[in-house]
Amino acid sequence: MYRYDEFDATMVAERVAQFRGQVARRLSGELTEDQFKPLRLMNGLYLQLHAYMLRVAVPYGTMSSKQMRRLGEVARKYDRGYGHFTTRQNIQYNWPALVDVPDILDDLADVEMHAIQTSGNCIRNVTSDQYAGATAEEIEDPRPYCEMIRQWSTFHPEFSFLPRKFKIAVTAAEHDRAAVKVHDIGLRLYRNDEGETGFEVIVGGGLGRTPYVGHTIRKFLPKKYLLSYLEAILRVYNLEGRRDNMYKARIKILVNSEGAEKFAEMVEDEWAQIKDKDIDLPREEIARINDYFAAPAFEKLSEESAALEEKKAADKDFARWVRANTAAHKAPGYAIVNISLKPIGGIPGDISDVQMEAVADIAEKYSLDEIRATHEQNLVLPHVKKEDLYTVYSALKDADLATANIGMVSDIIACPGLDYCSLANARSIPIAQRISERFADLDSQEELGEIKIKISGCINACGHHHVGHIGILGVDKKGEEFYQVTLGGSGAEDAALGEIAGRGLSSDQVVDAVEKLVGVYRERRQDNERFLDTYRRLGAEPFKEALYEAA
Amino acid sequence: MKLLKLSRGRLLPALEEPLAEVSLDAWRDNPQEHAEATALTISNDTSLADVKCDLHGFSVIILDFPAFKDGRAYSQARLLRERYGYTGEIRARGDVLRDQIFFMARCGFNGFEFSGPNADEASAALEEFSFAYQPAADDASPIWRKRLDRAAAA
Ligand code: SF4
């Protein structure tokens, strides 16, 4: 994991001091709310329906036990005893008091955390694959590049007042868990035919009210040019992106109005003039950052663990959890463990202070001190020995964190919606809770396999409904909450935007609707098809029919 | 509005000298008529690549922040300094507030028509950060270079 040196520590400490001054000037009335707003936003502080919300960065989703423990303490000390992991691998606190925020940031800075650029029209916290450094699928760990991007983009003087927010995601695996095709910039690290590694640069993806899958503007970018190329893209965007209409200000609109080819040309022209101007890091600095992410010293173990097999045979709940919540690790005898933050009927992504501390303890003992947050609002213990799986499972179960539903119908992404968010048309969380309760039975969930349901409370699409296999969008119909269903989306390597199934449904109908859709799949699927595969094979018709026949 | 100028890392109040201003469009249309002009105003939707004329005769180039959120002039200032070699004063006009001045200075601005309250305290904004992660148009050495220097010295 990356560790701050004195420079990083100074930057964060000075930022907290600066914000403390800004809060004081706000509280004294020197700054109006209008003037304070962009400043607090650059420190992750939003004003929600009922209170301020503080969004803390978890850079590329990686945390240590010490950091997780501190997140729990913050929840207890300054909030109502819980936090909420978001689709951006960040954590949000829903009830901090403005006067406390500088102290919270100080407490976070102590453990090398911050809220820098978690909001505002700047380059946001960079996201990545939650299995980075643990999966055999990747060609190398993408996180050193994320860290380079984090440093380059931090307080970037030219790009702190962009037309709109700007999100960058990086992956290095074939299976895309970072949704790189629906980010402002998606970077896919791969090896080309000549055997060199570099980035495919994808620009202009995004959700919101005009969703797009991104365009590849450069097939292969040598790694050493990463930062100068990003700077060229950002400069073109900063100068040319629309500022007259906030709904047309994201880079996706610019890319699509210019056309991807023309946009690529603009970037290449700019890049040609800056590529050798010291923006890129020297070899030594790249090596320094890479060293922090060197693979930990895994023990030499055999791939199979007899103890594990025995426990699986004896405890069928455990066996199910192993099937559902663990994934293959690159080191023999290790596994990647997913911790579901989607208990049946719970609030997606919520976690209590006590649970955070439990996760911290477990990670410290059994996962080489590392924890990851995922964009699907779950957590990951990246390096667990198979022989420890049962102990880890039992400890998670004691903390109510062992729901075996990763990737299944109750592993739902939901935005905060009308329960918290001032932009919402409708509630998201209660819909997620009711769907989850409807499908509570884990045997039938497992039998249904992978189904991704994603719920947004308004067209801003924070719940990523466009890329849900089943997407649910809250709309306002004469003051009443209604829901529009989209079908067939995906945020993975087979990225696609869902299609609207038909007229909106009331909140009473929407849970039944999901059940009907799943019913069609259950009847019509072939072999090992996932819901999405069946949908793609059959097309929308049978699903629409089921949805609207008796409704 | 108060005019501030950057000098050796500090912001000092400056006398408002009378400038003979001309807009880029007016000047391009008829340079002879504006031969006396000392300051050029460039709107923030102008592409500097299309300007294609000699800017060095102006002692001041004025860039615009119609709202502090509109950050196009940050890029324009860097381009003037780093690509077009302009060494005169680059002045920020419009919504020019304390908490943007640090970024402006890093991008090459050295004159500020300060529109916020407490101009005398604005200088403190320049001292809030000791380092910078990335190179820009000022002479701050990026953190990665400081790391190299330190490693070399050790
Ligand atoms: S999708 Fe809409 S309702 Fe949900 S969090 Fe985003 S802005 Fe708020």
Side-chain angles (χ1 to χ4, degrees), chain A residues 5-8 10-11 13-15 17-19 21-22 25 30-31 34-39 42 120-122 148 150-163 227 231 234-241 243 246 269-270 273-274 277-286 288-289, chain B residues 44-49 65-79 82-84 95 97-109 115-118 121 124-125 127-138 140-152:
Chain A
D5 67 2
E6 72 208 60
F7 295 108
D8 301 304
T10 303
M11 292 298 272
E14 289 178 340
R15 171 55 146 215
Q18 178 193 44
F19 190 56
Q22 291 165 345
R25 283 189 282 139
E30 180 187 329
L31 288 174
D34 249 19
Q35 291 164 332
F36 181 57
K37 189 174 166 192
L39 306 176
M42 264 191 265
N121 292 340
C122 52
M148 292 171 209
R150 183 190 78 82
Q151 297 193 20
W152 161 78
S153 63
T154 297
F155 312 139
H156 198 296
E158 186 179 346
F159 306 135
S160 289
F161 296 92
L162 296 167
L227 298 183
E231 188 139 323
L234 266 297
R235 178 169 288 164
V236 169
Y237 171 55
N238 190 44
L239 286 166
E240 305 296 335
R243 296 189 186 250
M246 73 176 273
D269 284 352
E270 180 59 37
Q273 309 203 54
I274 60 172
K277 290 246 155 70
D278 258 8
I279 298 164
D280 291 302
L281 298 177
R283 222 170 355 102
E284 295 86 340
E285 175 68 356
I286 293 176
R288 187 191 75 90
I289 292 178
Chain B
N44 76 351
D45 54 2
T46 303
S47 161
L48 294 175
F65 291 89
F68 68 82
K69 283 188 269 193
D70 185 340
R72 282 176 275 198
Y74 291 106
S75 291
Q76 289 179 314
R78 280 195 71 181
L79 288 171
E82 294 170 59
R83 187 160 307 162
Y84 303 108
D95 205 4
L97 303 170
R98 178 194 195 276
D99 295 284
Q100 282 76 44
I101 278 192
F102 171 77
F103 294 133
M104 291 178 184
R106 290 220 60 213
C107 287
F109 286 95
S115 61
N118 299 339
E121 286 168 30
E127 284 151 32
E128 285 172 333
F129 290 102
S130 311
F131 309 111
Y133 275 115
Q134 58 298 91
D138 57 353
S141 164
I143 286 175
W144 54 259
R145 185 169 288 136
K146 290 186 188 290
R147 285 175 176 142
L148 284 189
D149 294 348
R150 195 183 47 184

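A, B, ... follow the sequence lines: proteins, then strands. Residue 1 opens every chain.
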| field | chain A interface, residue from B:Leu79, B:Asp45, B:Leu97 that has the most non-hydrogen pairs under 4.5 Å | value | B:Leu79
| Segment of B:Ala132 engaging chain A (4.5 angstrom heavy-atom cut-off) | backbone
| remark: Bottom line for A:Arg15: the part with an atom under 4.5 Å from chain B's heavy atoms is both
| task | Report the option among B:Lys146, B:Glu128, B:Arg106 that has the most heavy-atom pairs separated by less than 4.5 Å from atoms of chain A. | result | B:Glu128
| remark: Among A:Leu162, A:Asn121, A:Ile279, A:Asp5, the residue with the most heavy-atom pairs under 4.5 Å to chain B is A:Asp5
| said: The test is side-chain contact (heavy atoms from CB on, under 4.5 Å); show your working for B:Trp144 and A:Asp278 and say whether it passes. | reply: CA-CA 11 Å; B:Trp144 54 259; A:Asp278 258 8; 4.3 Å; yes
| field | Backbone N/O of B:Thr46 and side chain of B:Gln76: donor-acceptor pair under 3.5 Å | value | yes
| query | So, the side chain of A:Arg243 versus the backbone of A:Asn238: is there a donor-acceptor pair under 3.5 Å, distance only? | reply | yes
| said: Could you check whether A:Glu30 pairs with B:Arg98 (Lys NZ or Arg NE/NH1/NH2 to Asp/Glu carboxylate O, under 4.0 Å)? | reply: no
| chain B contact via A:Thr154 - which portion, at a heavy-atom distance below 4.5 Å | both
| Is the ring centre of B:Tyr74 less than 6.0 Å from the ring centre of B:Phe65? | yes
| task | Examine whether an atom of A:Arg150 lies under 4.5 Å from a heavy atom of chain B, and if so say whether it belongs to the side chain, the backbone or both; otherwise answer neither. | result | side chain
| request: Identify which of A:Met42, A:Glu6, A:Met11 forms the greatest number of heavy-atom pairs closer than 4.5 Å to chain B. | output: A:Met11
| query | Would you say the side-chain atoms of A:Gln22 and B:Asp99 include a donor-acceptor pair closer than 3.5 Å? | reply | yes
| request: Check whether any side-chain N or O of B:Asp138 sits under 3.5 Å from a backbone N or O of B:Ala105 as a donor-acceptor pair, and report yes or no. | output: no
| request: Return the option, out of A:Glu285, A:Lys277, A:Glu158, A:His156, with the maximum number of heavy-atom pairs under 4.5 Å with chain B. | output: A:Glu158
| query | Where does A:Asp34 contact chain B at under 4.5 Å (heavy atoms): side chain, backbone, both or neither? | reply | backbone
